[in-house]
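The figures here come from the full heavy-atom set of this structure, side chains too, leaving out hydrogens, waters and symmetry mates.
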Amino acid sequence: MAHILIISFPNHGIVNPTLELARRLVRVGARITYVTSVSAYRRIVSESPPLDGLSYASLSDGYDDGFTFKLDRESATSTAKIIYNDNLKRYLKQFDEAGAQKISDLARAFKEEGSPITCIIYGMLLSWVADVAHDLRIPSVALWVQPAAVMAVYYHYFNGYDHLMKRLEDDPDCVIELPGLPPLASQDLPNFFTSGSSSGDDEHFNMLPSFKDQIQTFDKEVREFKLKPRVLVNTFEALESDALASVDRVGPIPIGPLIRSDFFDANGEWATSEGSSHYMKWLDSKPASSVVYISFGTLVHPSKKQLDKILNGLFESGRPFLWVIRVPDSGSDSGPEAKIRNLVGGTGQGLVVLWCSQVAVLSHPATGCFLTHCGWNSTLESLVLGVPMVCFPQWTDQTTNGKLVEDVWKTGVRVKVNEEGIMEGGELKRCLEAVMGEEEIKKNAEKWRDLAREVVREGGSSDRNMRAFVEEMGGSNLS
């Protein structure tokens with residue numbers, strides 16, 4: 001029997017897909033030990049009790065009450081640049097050190113009790129796990145939680161195509177072509193290639209070196225560790241066949257979409273008790289496909305100027321809207337977010353909430369459009385639930401995701417920003433009308449919805465890949 005240890009960095013965007021992978025692997029016959037920080041562990045066990053075959057373990061990274069990334073909020077548009085201060089450096093170092101020790105301790109304990117770990121799966125930003133696993137003589141496999149297209153961008157960049165990216169520095173208007181991908185302009189690439197954070201910027205957290213480490217680890221596992229190339233990818237074959245083929249050398253295994261499958265019944269319909277919440281009751285009162293849902297994830301906090309423009313666009317559209325606005329400073333009730341809640345509350349047109357079950361909202365018949373930052377989890381949820389998107393990407397993979405949504409899958413449109421990087425209210429209104437009034441976009445959304453649900457059903461392509469992986473990880477010859 002396969003006994004797989006999964007270790008995840010504790011932020012929501014990585015925990016959600018890695019935890020869903022754990023659930024899926026249990027359902028197809030594996031035993032899973034899921035490891036993350038104390039803060040994420042507490043959140044998980046309160047929301048998702050262990051299943052038979054799934055147990056949780058925690059490690060202390062020195063921030064047991066959670067770590068808060070400090071964002072650069074000085075400019076109108078710097079909504080997701082993370083300040084790279086000593087606190088962040090210490091946090092990352094302590095997580096890596098504690099994680100390495102925890103893996104070693106668990107591997108030894110499970111071996112002594114007669115149920116050894118047969119594979120270690122690690123999420124984004126944790127490429128060091130491959131070295132720890134190699135020292136323990138346990139196979140390791142990465143889980144890529146962004147689209148295969150973005151993995152292909154990084155892979156090609158670090159394998160001979162860096163000169164194309166550098167062309168963008170001299171000519172920002174040029175378009176580059178990479179194997180397996182559509183033509184890409186500068187605004188379609190992860191921002192680490194095109195912003196100051198890519199080089200010469202010591203103030204902001206630059207993730208490009210982390211991605212370089214990961215791509216080089218893929219090659220090292222084959223070249224030095226003599227392992228069969230394998231990378232689990234949170235996507236599915238029909239969605240990204242060309243991108244997957246372009247990185248065939250690293251052995252991509254599409255096993256997505258990794259969204260909470262236990263939220264749905266056998267027919268793919270919503271099957272939880274969220275209907276009793278106040279926002280679901282509010283949605284119940286609205287006509288089918290009439291509501292604009294707005295959420296920008298857990299890290300992105302638009303500036304006051306941008307919040308005002310969004311609100312103006314929503315009012316101008318005349319459409320009912322449900323807007324998730326998180327307060328950057330916990331407990332604050334005097335910032336621009338609070339003022340917007342008060343403004344909206346008196347109009348009757350919209351509802352502003354601090355949190356909601358996104359899958360529940362997207363699955364509701366009243367929801368007709370998703371104004372999104374295009375994080376990959378949100379993009380996949382929208383695809384699975386057949387909801388057209390207005391894309392307002394901010395950073396990292398979101399810009400590429402927006403390109404794919406608009407030009408490849410054709411399930412939405414991407415907003416145009418002004419010279420300050422601000423989306424004007426009139427532009428938002430234009431995009432909402434285009435998405436909610438365009439039948440072709442709705443048909444495409446339905447097509448991808450049906451394909452996404454098919455691949456995870458028993459016998460679907462992602463389900464077959466998952467089962468084959470578990471069977472292999474339970475065998476004796478894993479190289």
Side-chain angles (χ1 to χ4, degrees), residues 11-17 69 71-73 75-82 124 145-147 149-150 187-192 194-195 197 204-205 207 234 257 259 292-311 313-314 321-328 336-337 340 352-359 361-362 367 369-385 387-406 409 411-417 420-425 427-428 431-432 435:
N11 86 310
H12 286 81
I14 300 177
V15 166
N16 290 346
F69 292 95
L71 303 181
D72 182 350
R73 297 176 61 83
S75 73
T77 59
S78 59
T79 57
K81 281 190 175 182
I82 298 173
M124 303 280 280
V145 297
Q146 295 178 350
V150 172
Q187 67 265 24
D188 304 324
L189 292 165
N191 70 303
F192 306 118
T194 57
S195 71
S197 61
H204 300 109
F205 183 38
M207 295 176 67
N234 186 17
I259 72 167
V292 179
Y293 169 60
I294 308 104
S295 178
F296 299 124
T298 55
L299 267 183
V300 173
H301 298 287
S303 65
K304 179 184 184 304
K305 184 174 183 179
Q306 185 60 83
L307 288 170
D308 289 342
K309 298 290 187 181
I310 293 171
L311 184 60
L314 292 170
F321 60 88
L322 172 59
W323 191 353
V324 179
I325 301 184
R326 295 176 173 85
V327 179
E337 294 85 0
I340 284 180
V352 175
V353 296
L354 291 172
W355 179 89
C356 71
S357 170
Q358 182 159 288
V359 178
V361 170
L362 291 174
T367 304
C369 173
F370 183 11
L371 172 57
T372 173
H373 65 310
C374 281
W376 188 231
N377 293 331
S378 292
T379 301
L380 279 179
E381 288 168 357
S382 211
L383 286 168
V384 170
L385 293 160
V387 178
M389 288 170 265
V390 171
C391 303
F392 186 29
Q394 302 294 306
W395 74 319
T396 187
D397 63 317
Q398 298 165 13
T399 44
T400 309
N401 301 345
K403 165 73 172 180
L404 297 172
V405 167
E406 182 174 47
W409 306 319
T411 59
V413 299
R414 180 174 174 175
V415 304
K416 293 180 173 61
V417 296
E420 298 178 61
I422 294 290
M423 172 181 60
E424 298 284 354
E427 171 64 6
L428 175 55
C431 290
L432 292 175
V435 166

**OP:** First locate atom CZ of Phe392, then atom SG of Cys431, and finally report the distance between them rounded to the nearest 0.5 Å.
**Re:** 10.5 Å

Subject >> side chain to side chain contact (heavy atoms under 4.5 Å, CB included) assessment of Val324 paired with Tyr293 >> reply: CA-CA 8 Å; Val324 179; Tyr293 169 60; 3.7 Å; yes

Original post:
Any side-chain heavy atom of Trp323 within less than 4.5 Å of one from Ile310?
Top reply: yes

Original post:
Can you find a heavy atom in the side chain of Cys391 that is under 4.5 Å from one in the side chain of Gln398?
Top reply: no

**OP:** Give me the one residue out of Thr400, Asn401, Asp397 that meets side-chain contact (heavy atoms from CB on, under 4.5 Å) with Gln146.
**Re:** Asp397

Original post:
How far does CD of Glu381 sit from OG1 of Thr372, to the nearest 0.5 angstrom?
Top reply: 9.0 Å

**OP:** Could you tell me the separation between the CG atom of Asn377 and the CD1 atom of Ile259, rounded to the nearest 0.5 Å?
**Re:** 9.5 Å

Original post:
Between Val435 and Pro388, which heavy-atom pair has the shortest distance, and what is it?
Top reply: CG1-CB, 3.3 Å

Original post:
To the nearest 0.5 Å, how far apart are CH2 in Trp409 and OG1 in Thr411?
Top reply: 7.5 Å

**OP:** Look only at the side chain of Ser382 and the backbone of Val387, and say whether a donor-acceptor pair between them is shorter than 3.5 Å.
**Re:** yes

**OP:** Could you give me the CA-CA distance, side-chain angles and deciding distance for Ile294 and Phe321, then say whether side chain to side chain contact (heavy atoms under 4.5 Å, CB included) is met?
**Re:** CA-CA 7 Å; Ile294 308 104; Phe321 60 88; 3.7 Å; yes

Original post:
Is the shortest heavy-atom distance from the side chain of Leu432 to the side chain of Leu428 under 4.5 Å?
Top reply: yes

Subject >> Shortest non-hydrogen contact from Ile340 toward Ile325 >> reply: CG2-CD1, 3.7 Å

Original post:
Does His301 reach the side chain of Arg326, with side-chain heavy atoms less than 4.5 Å apart?
Top reply: yes

**OP:** Quick one: do Phe296 and Gln306 satisfy side chain to side chain contact (heavy atoms under 4.5 Å, CB included)? Show the steps, please.
**Re:** CA-CA 12 Å; Phe296 299 124; Gln306 185 60 83; over 6 Å; no

Subject >> Derivation of the side chain to side chain contact (heavy atoms under 4.5 Å, CB included) call for Thr379 and Met389 >> reply: CA-CA 8 Å; Thr379 301; Met389 288 170 265; 4.3 Å; yes

Original post:
Measuring from Leu371:CG to Met423:CE, what's the distance to the nearest 0.5 Å?
Top reply: 5.5 Å

Original post:
Could you state the interatomic distance from CG (Leu404) to CZ (Arg414), rounded to the nearest 0.5 Å?
Top reply: 10.5 Å

Subject >> Main-chain N/O of Lys416 paired with Glu427 side-chain donor or acceptor, under 3.5 Å >> reply: yes

Original post:
So, does Asn191 use its side chain to make a donor-acceptor pair with the main chain of Thr396 at under 3.5 Å?
Top reply: yes

